[in-house]
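Each chain gets a letter, A, B and so on, in the order its sequence line appears, and its residues count up from 1. Excluded from the calculations below are hydrogen atoms, water molecules and symmetry mates; all remaining heavy atoms, backbone and side chain alike, are included. Predicted model, so just to flag it, every value in this text is computed and none were measured.
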There are 2 protein chains.
Amino acid sequence: MNSEFTIAVHSLVFLAYRPDRMATSEMIALNVNTHPSRVRKIMSCLRKQGFVRTKEGIGGGFIFNRSPDQVTLAEIYRATSIGSIKPAWCSGNEDEDCMVACNMAEVMDQVFSEAEQQLIAYFERITVADVLRRVQTAQQFKN
Amino acid sequence: MNSEFTIAVHSLVFLAYRPDRMATSEMIALNVNTHPSRVRKIMSCLRKQGFVRTKEGIGGGFIFNRSPDQVTLAEIYRATSIGSIKPAWCSGNEDEDCMVACNMAEVMDQVFSEAEQQLIAYFERITVADVLRRVQTAQQFKN
DNA sequence: TGCAACTGTAACAAATATAATAACAGTAAG
DNA sequence: CTTACTGTTATTATATTTGTTACAGTTGCA
């Protein structure tokens, strides 16, 4: 799977964690450990889906636009990474004179698509607030 | 996800489809549409797990060693691709002075690991024989 | 009005992962 | 002892992912 999902989740958790629910791409990038430009690209996608709003210019940044306990990982997955569990490579060959060769690509497509539904059903049960709580729990075990 | 899973499933379905349940790496590679060497590498892994046995020398090849309706995609996934839904890239930074930065990698690890269990639970319900039947069904819809 | 701190986006470069290919030793049948 | 196979490693080619740079557009404020 695509790491954009990870970055999107991390960014939203970070925003949820901040008292003002706001941060610049530079702050997020430092926290996530990537380049601010990559953060902006992914946040731009989250903005188009209404997860965050942005403020340009001085004192600007990204602002969490919804309640962290209402946003599920399923929504984030759909926004950033839908289709990413299926490998790009496809087996089989339509021109072959064999039922298996001709139809495996289509059948595996179905299988991966159903598998992805299972994954999404699981992500449906986890919110950004849940992830933040898990982070807090993990932290407590260190102390 | 790794396409080795796809190739492994396709290869076993192809073997299950053959009356003698046997084929050479060249035949499988032609059917799957890849290089025989790649097939041998993946089949070699399936042999070590007991899914197939091999016969070297003239007249040799790979032979399905179990009943197609007993082998689930979950077993094949575990044999070839375990851990592959988690992206290699990890977010966060242990050295950062922030709870979120320090613990997100661990938390996302848990999340991906649980997600993979869901995936495997789904694959548990599909056998090689089921996939072959799906191939047959797909074929019928073309005629 | 003009500078400074932001986002938005595209283009490019670097790194990494994946797939194809070649090569050759080992094995078994005839 | 030759031919048709697997087993395995190494190498090359290709695709994908990530990082980086650059710059236009926006906004707040002195």
> How does protein contact run along nucleotides 10-21 of chain D, one letter per nucleotide 5' to 3', with B for base contact, S for sugar-phosphate only, - for none, heavy atoms under 4.0 Å?
Replying inline: ------S-SSBB
Side-chain N,O ([X]) to OP1/OP2 ([N]) below 4.0 Å:
X	N	value
T24(A)	dC6(C)	no
S44(B)	dT8(D)	yes
K48(A)	dT7(C)	no

> Can you pull the side chain to side chain donor-acceptor pair (under 3.5 Å) pairs that have at least one residue in residues 88-99 of chain A, sequence neighbours excluded?
Replying inline: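 Every pair satisfying side chain to side chain donor-acceptor pair (under 3.5 Å) with a residue in residues 88-99 of chain A: S91(A)-H10(B).
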Atom pair distance, as rounded to whole Å: [atom1] in [X] and [atom2] in [N]:
X	N	atom1	atom2	answer
R53(A)	dG8(C)	CZ	C1'	18 Å
F5(B)	dA17(C)	CZ	P	22 Å
M22(B)	dA4(D)	CE	C1'	11 Å
E26(A)	dA4(C)	CD	P	16 Å
I63(B)	dT6(D)	CD1	C1'	12 Å

>> My understanding is that only residues two or more places apart in sequence, or in another chain, count here; which of them pass salt bridge (charged side-chain N to carboxylate O under 4.0 Å, His left out) with R18(B)?
In response: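 If we apply the salt bridge (charged side-chain N to carboxylate O under 4.0 Å, His left out) test to R18(B), skipping adjacent residues, the hits are D20(B).
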> Who pairs with R133(B) by salt bridge (charged side-chain N to carboxylate O under 4.0 Å, His left out), at least two apart in sequence or on another chain?
Replying inline: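 Residues passing salt bridge (charged side-chain N to carboxylate O under 4.0 Å, His left out) with R133(B): D130(B).
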Do [X] and [Y] meet the criterion of a side-chain donor-acceptor pair at a distance under 3.5 Å?
X	Y	result
E116(B)	Y77(B)	yes
R78(B)	T72(B)	no
R38(A)	S3(A)	yes

Short heteroatom pairs, N/O only, protein and nucleotides 28-30 of chain C, under 3.5 Å:
none

> E56(B): what forms a side chain to side chain contact (heavy atoms under 4.5 Å, CB included) with it, not counting sequence neighbours?
Replying inline: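 E56(B) satisfies side chain to side chain contact (heavy atoms under 4.5 Å, CB included) with no residue once adjacent residues are dropped.
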> Looking only at heavy atoms, what is the nearest atom pair of P68(A) and R21(A), with distance?
Replying inline: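 Where P68(A) meets R21(A) most closely, the heavy atoms are CD-NH1, 3.5 Å.
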>> How close do R53(A) and F64(A) get, counting heavy atoms only, and between which atoms?
In response: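 Residues R53(A) and F64(A), closest heavy atoms: NH1-O, 4.4 Å.
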>> Under 4.0 Å, heavy atoms only, any strand: does R47(A) hit a base, just the sugar-phosphate, or nothing?
In response: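 Sugar-phosphate contact only.
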